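Inspection log for the structure reproduced underneath, given as structure tokens.
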Amino acid sequence: MFKESGKIEVSFVSKLMATIDPQLPIWDKYVLINLGKIAEWEKFRSADAEERIKEASKIYAYIKCWYKSFIEDDYGKLCIAKFDEALPAYRDKLTDIKKIDYLLWGKR
């Protein structure tokens, strides 16, 4: 995306990737806030493109690891079960990753 537009659009790219592969989490402000990574990302706001892309890759790797751990954790399993209980029509339509995306995005 950067090569084509000259912009670093991490949130947009993550949403595009998650549309193609629903096993991938999204990156947005609320996910970063809830995972305690917003300040880390903000430090790179005025860094050069190469540094920002490198940092974005590190943070996104962290996000993916966090999701994997959370989904396997007892509390994560409980959250997913509660999501399924509250929205049974989506039980088999959304991946666990998407369910966690919605929970993090909704936690403000």
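Being a predicted model, the structure only gives us computed values, none of them experimental. FYI, side chains are in, hydrogens and waters are out, and symmetry mates aren't considered; it's all heavy atoms of this structure. Numbers here are sequence positions counted from 1.
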Practice item. Give the cluster check for V13 versus F44: same hydrophobic cluster or not, with ILVMFWY residues linked at side-chain heavy-atom distances below 4.5 Å. Key: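 Shared cluster, no.
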Between [atom1] on residue [X] and [atom2] on residue [Y], distance to nearest 0.5 Å:
X    : Y   : atom1 : atom2 : result
E55  : W41 : CD    : CH2   : 7.0 Å
L35  : I63 : CG    : CD1   : 6.0 Å
D101 : S14 : CG    : OG    : 8.5 Å

Check your understanding: Are more than 12 heavy atoms from other residues, nucleotides or ligands located less than 6.0 Å from atom OH of Y62?
Key ->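 Counting other residues, nucleotides and ligands, OH of Y62 exceeds 12 neighbours.
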Review point. Under a 4.5 Å cut-off applied to non-hydrogen side-chain atoms, are Y67 and L24 in contact?
Key: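 Answer no - side chains too far apart.
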Check your understanding: Do F83 and I100 come close enough that some side-chain heavy atom pair is under 4.5 Å?
Key ->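 No; the side chains remain at least 4.5 Å from each other.
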Practice item. Classify the angle between the aromatic ring planes of Y75 and F70 as parallel (below 30°), tilted (30 to 60°) or perpendicular (above 60°). Key: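 Perpendicular: the ring planes of Y75 and F70 meet at over 60°.
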[X] with [Y]: basic N within carboxylate O range, under 4.0 Å:
X   : Y   : value
D84 : K99 : yes
E40 : K37 : yes
K68 : E72 : yes
E42 : R45 : yes

**Study point:** Nearest heavy-atom neighbours spanning T95 and P22
**Key:**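 Heavy-atom minimum between the residues: OG1-O, 2.9 Å.
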